[in-house]
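Predicted model, so just to flag it, every value in this text is computed and none were measured.
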There are 2 protein chains.
Amino acid sequence: MGIAERKTREKQVLRERILDASRRIVMREGFAALSMRKIADAIEYSPATLYLHFENRDEIARALCMEGYAQLLESLKPHLSIADPAERLKAIWRAYVAFGVEHPQTYRLVFMEDPTYVGAAFESAAQDGDDAGEAAFRLVADALDEMKAQGRLPASADSNVWTEALWATMHGIVALRLTCPVFPRTPLDTVVDAALDAWLGDCSAHTGKAATPPRKRVTRAAPPAKKAKPSSSS
Amino acid sequence: MGIAERKTREKQVLRERILDASRRIVMREGFAALSMRKIADAIEYSPATLYLHFENRDEIARALCMEGYAQLLESLKPHLSIADPAERLKAIWRAYVAFGVEHPQTYRLVFMEDPTYVGAAFESAAQDGDDAGEAAFRLVADALDEMKAQGRLPASADSNVWTEALWATMHGIVALRLTCPVFPRTPLDTVVDAALDAWLGDCSAHTGKAATPPRKRVTRAAPPAKKAKPSSSS
DNA sequence: GTCTATAATTTGATAGAC
DNA sequence: GTCTATCAAATTATAGAC
């Protein structure tokens, strides 16, 4: 069956070229500027050909979302193996935000455009039954549970609630950068670190080495802690 | 000059009708569905007439943004006079989130569509020289400074950074509701409260009456605090 | 599989009559 | 001030030749 396989392989190649061109357009001009004609021009095929590989523009968009989400996951992967749960979470979320600001149009397409797109991205990367969204959610929730078990988070903290809130915080940081660059803004890293501190705060318990200084809010008296925080934007 | 005044008044009336119709379309179908023709049909005028009152579609969008932002500010106003800075901030941000989820298309138009729109909204409501964005920012930053002065926030907390981070957090909560309704989600109020607690946390110092129980994260040992948190979504 | 050609819409915006 | 009529340009999507 070599002939049939070559044909499907060639078909696959063109599919990839279509997605490549689409990705370039989206990254350069944003999703709103993505049209079938523009894609066709870019790959030097007729618009009609696109419909042999994708049902419509929406299917191309969904494919791009799956790609983009996979790319995001890939950028998080190096940090998943960090032993300490707090450091793991901080590294993951820093990478998450970095991805968002470095690939604004991709991030926007996946998370800020159509509610169905992120759903498509999640369902696509299904592993062991449940989708990639669930898996990512668990990843964070489990780390929070670890911290709770170590007494580094309040026992009253619901890890599901905190996961959602933590995600919302980081998403908000990215989203504001993308659509509301209005204020004389704080460097990105400074805001991210402040947020991570607020949520994961003083995580030096059980680590012994007091790596993260307890830059924690006070309960009774004002602490003598004084820490300037210069930081570089992305 | 009664005649001229009547004419400008009548002109103003039509301008309002255009904006009314536009607002309805945006609220019902979203900003993407707002077209000059649709507006003209709604008010039973010809499309050409619209151009006598607005230069183009973008100017209508900006006008809607100014309206929407003013509406948001209005919904925050009742809480600005709360004496306690922590309670004030919490009330303000709860109202902010509530506005966002109750007016999704308006919120989306102002904060999630075009970067220039939110700028227009801010500059429009200029008071005493600086724009409404600056004013709102100060509002939050000042409250944070109050809390800091009372020793209820760490002295190391930069109120400008925290303001931006706090805004990002609340914006993220709203934005995720609008564009990523994917998970079996936590009730809105629960997430908002968790976030407010994480940022403003145990604020019972100096209030005497211990109104807010110290649902704070631990530093050394696990606290006996146990608090179930049932809450209603909006 | 790929193309040409085109249908069918929808869009923002304007010229000129009244 | 308002309308009719229309332009010029996009868009998605398809029919049918090759």
Legend entry - Side-chain (A:Arg17) to main-chain (A:Ile43) donor-acceptor, under 3.5 angstrom: yes
Inset, instruction - Any ring-ring contact (aromatic ring centres under 6.0 Å, His included) involving residues 26-76 of chain B? Give me the pairs, sequence neighbours left out, ordered by first then second residue. - result: B:Phe31-B:Tyr117, B:Tyr69-B:Phe122
Inset, instruction - Would you mind telling me which residue lines up with the more 5' stretch of DNA chain D, B:His53 or A:Asn56, judged by nearest nucleotide? - result: B:His53
Legend entry - Candidates C:dT4, C:dT6, C:dT11 - which lies nearest the side chain of B:Lys38: C:dT11
Legend entry - Crowding at NZ, A:Lys77 (>12 non-hydrogen neighbours, <6.0 Å): no
Inset, instruction - Write down the distance between CZ (B:Arg37) and P (C:dT14), rounded to a whole number of angstrom. - result: 14 Å
Legend entry - Partners meeting salt bridge (Lys or Arg N to Asp or Glu O under 4.0 Å) with A:Arg138 (sequence neighbours left out): A:Asp130, A:Glu134
Legend entry - For chain B, the stretch of DNA chain D it reaches, first to last nucleotide, under 4.0 Å of its heavy atoms: D:dG1 to D:dT6
Legend entry - Check: A:Lys38 side chain, A:Ala33 main-chain N or O, donor-acceptor pair, under 3.5 Å: yes
Inset, instruction - Remember a base hit wins even if backbone is also touched, and classify B:Ile60 as base, sugar-phosphate or nothing at under 4.0 Å, heavy atoms. - result: nothing
Inset, instruction - With side chain to side chain contact (heavy atoms under 4.5 Å, CB included) as the test, would you mind laying out the steps for B:Phe137 and B:Trp167 before giving the verdict? - result: CA-CA 9 Å; B:Phe137 192 92; B:Trp167 183 30; 5.8 Å; no
Legend entry - Distance below 4.0 Å between B:Arg57 side-chain N/O and C:dG12 OP1 or OP2: yes
Inset, instruction - Name the nucleic acid region contacted by A:Ser35, choosing base, sugar-phosphate or nothing; use a 4.0 angstrom heavy-atom cut-off, strictly under. - result: sugar-phosphate
Inset, instruction - Give B:Lys11 one of three labels, base, sugar-phosphate or nothing, depending on what nucleic acid heavy atoms sit under 4.0 Å from its own. - result: sugar-phosphate
